Protein chains: 2
Amino acid sequence: MHDSNEPRPHTGRRRNEAARRAILDAALELLADADGAPVSVETIARAAGVGKQTLYRWWPSKGAVLLDALTDRAAQDVPAPDTGDLREDLRELAIATFEASQRRPSAPALRTLVREAARDTHLAELMRVFTQSRRAAVRAVLERGRERGELPADRDLDLLVDQFYGFFWYRFLLGHAPLDAAAAEALTESLLG
Amino acid sequence: MHDSNEPRPHTGRRRNEAARRAILDAALELLADADGAPVSVETIARAAGVGKQTLYRWWPSKGAVLLDALTDRAAQDVPAPDTGDLREDLRELAIATFEASQRRPSAPALRTLVREAARDTHLAELMRVFTQSRRAAVRAVLERGRERGELPADRDLDLLVDQFYGFFWYRFLLGHAPLDAAAAEALTESLLG
DNA sequence: GTGTTACCGAGACCGGTAGTCTCGTCAAGA
DNA sequence: TCTTGACGAGACTACCGGTCTCGGTAACAC
């Protein structure tokens, strides 16, 4: 038996940081270039100049690598505007979200990632965690507004959050209509009446 | 050279209608049972008691079979309410859409189909055509309402349509919140203020 | 330095998939 | 009866995610 509280000191060769970076960089770049098309593990490993096993030694699945590649670069901090005005906060959040969805390489990479998540339940679960904080940010803005009386007390906030992100993902994934500042403005006005 | 205007009369064995039905029925059932998980061509053929080649003789790809299986059974007629009242029409459309999204086997089959379409560009294109008529129905209702003056003349109808279907697909695919009559009611109120 | 350990790149391998090809069979019409 | 083309069955190719094994090598203990 091994006492896990007092682990044996590490010996042997250490993890190659350059390989980790090369994998994440290659994954993000391929993810972005694919823009929806699947990205294979073989391709990532080859592009990173790395063996497949090195990849599977540090990540449990392809999905985990892809998500890591995205979150590693994508701005992790979610904007949390609090100007004291609901309309202003929501507009700011919408503009920031929409604007971020146009940036390379994160945006096309995210599109590919969602496509992959449609088939990969493990990745789908990770994505849920990833999006949760963004949903929470919108909800917090709405809650503050409601406390200030800018929203009826009985207004269903979950409905509003789903309207916000439903609209966003719909346009982001289909790409049939713009996600620009004007759209952000119009969505905000529509949600708050 | 063969004159395509006067094709040689058909000879040989005819297409087996029973096989066609068996394939579509098996595909829909498997699609519904999978509820998101992929459905393989092998499985469909086996369940239908049919050779793979029979399937590929009549459909160009797996995606085409799946879509055909869905549209074959799913109510093709899109409701087009026209009561003379925008709010009433939109509510009716929302309730009908949400209610249809709960029915078996079409609903779970549709969920699976969308997942497949995320990887299959051919299927994605077919899906676009499939959803176009539904979008048009919502837009028609909105246009009639605008003509009656129930909506400001400068209101962006594409935005409203995307809000409607964005919300629907978001909840349908994530399944984190209900798509019931109350949600339909609330969405309608939210869209029309 | 020497030995041990664990990471490294490379690639064979497994199971599963979409789609093609071929086989012998069978039904519809000439 | 003969030609034609659909039929069920299944071998086959190409590709993918993931596992396994190999010889080599960097980091550390001694």
Side-chain angles (χ1 to χ4, degrees), chain A residues 2 7-24 26-27 30-31 34 37-69 112-113 115-124 126, chain B residues 2 7-24 26-27 30-31 34 37-69 112-113 115-124 126:
Chain A
H2 177 66
R8 175 178 56 67
H10 182 270
T11 60
R13 188 174 179 175
R14 303 306 172 79
R15 176 172 191 178
N16 185 347
E17 177 59 21
R20 195 188 74 92
R21 275 253 55 84
I23 290 169
L24 291 181
L30 289 166
L31 222 36
V39 173
S40 78
V41 176
E42 291 271 354
T43 312
I44 298 172
R46 193 168 297 272
V50 142
K52 271 170 73 175
Q53 187 60 280
T54 298
L55 202 148
Y56 280 105
R57 205 189 318 273
W58 302 110
W59 290 273
S61 70
K62 184 181 75 160
V65 180
L66 299 184
L67 186 69
D68 208 1
T112 310
L113 203 58
R115 299 261 227 269
E116 299 265 349
R119 288 272 210 140
D120 181 339
T121 59
H122 179 53
L123 178 56
L126 294 174
Chain B
H2 177 66
R8 176 178 53 68
H10 183 268
T11 61
R13 188 175 179 175
R14 303 304 170 79
R15 174 172 192 178
N16 186 347
E17 178 59 21
R20 195 188 73 93
R21 275 253 55 84
I23 290 170
L24 291 181
L30 290 166
L31 223 36
V39 173
S40 78
V41 175
E42 291 271 355
T43 313
I44 298 172
R46 193 168 298 272
V50 142
K52 271 171 69 176
Q53 188 58 26
T54 299
L55 203 147
Y56 279 105
R57 206 189 316 275
W58 302 109
W59 290 275
S61 70
K62 184 180 76 159
V65 180
L66 298 183
L67 185 70
D68 209 0
T112 311
L113 204 58
R115 297 261 226 271
E116 300 264 348
R119 288 274 210 136
D120 181 338
T121 58
H122 179 53
L123 178 55
L126 294 173

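Bear in mind the structure is a predicted one, so any value in this text is a computation, not a measurement. Letters A, B, ... mirror the listed sequences (proteins, then strands); counts begin at 1.
Nearer to the 5' terminus of DNA chain D, by closest-nucleotide assignment, is the contact made by Arg20(B) (compared with the other of Arg46(B) and Arg20(B)).
Atom CG of Leu67(B) sits about 6.0 Å away from atom CG of Leu123(B), to the nearest 0.5 Å.
Every residue meeting the salt bridge (charged side-chain N to carboxylate O under 4.0 Å, His left out) condition with Arg119(B), not counting sequence neighbours, appears here in chain and number order: Glu116(A). Partners of Asp68(A) according to the side chain to side chain donor-acceptor pair (under 3.5 Å) rule, which considers only residues two or more places apart in sequence or in another chain, are Trp59(A). Judged as a salt bridge (charged side-chain N to carboxylate O under 4.0 Å, His left out), and not counting sequence neighbours, the contacts of Arg21(B) are Asp25(B), Asp72(B). With sequence neighbours left out, the side chain to side chain donor-acceptor pair (under 3.5 Å) criterion links Thr121(A) to no other residue. Arg115(B) meets the side chain to side chain donor-acceptor pair (under 3.5 Å) test with no other residue; sequence neighbours excluded. Remark: Ala69(B) engages Leu24(B), Ala27(B), Leu28(B) in a side-chain contact (heavy atoms from CB on, under 4.5 Å) (not counting sequence neighbours).
Phosphate contact (OP1/OP2 of dG5(D), side-chain N/O of Trp58(B), threshold under 4.0 Å): absent.
Rounded to whole Å, the distance from CD on Glu17(B) to P on dC7(D) is 10 Å. Rounded to whole Å, the distance from CZ on Arg57(B) to C1' on dC23(C) is 13 Å. The distance between atom CD1 of Ile23(B) and atom P of dA9(D), rounded to the nearest whole Å, is 12 Å. Rounded to a whole Å, the CZ atom of Arg15(B) is 16 Å from the P atom of dG29(C).
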Polar atom pairs between nucleotides 25-28 of chain C and protein, under 3.5 Å, N or O only, would you list them?
| residue | atom | partner | partner atom | Å |
| --- | --- | --- | --- | --- |
| dC26(C) | O2 | Arg13(B) | NH1 | 3.4 |

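No engagement by Trp59(A) is indicated, since no non-hydrogen atom pair under 4.0 Å with the nucleic acid exists.
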Tell me which donor-acceptor pairs under 3.5 Å the side chains of residues 46-53 of chain B have, and how far apart each pair is, sequence neighbours excluded?
| residue | atom | partner | partner atom | Å |
| --- | --- | --- | --- | --- |
| Lys52(B) | NZ | Glu42(B) | OE2 | 3.2 |

Given protein heavy atoms under 4.0 Å, the one-letter contact record of nucleotides 14-21 of chain D, with B base, S sugar-phosphate only and - none, is simply --SSBBBB
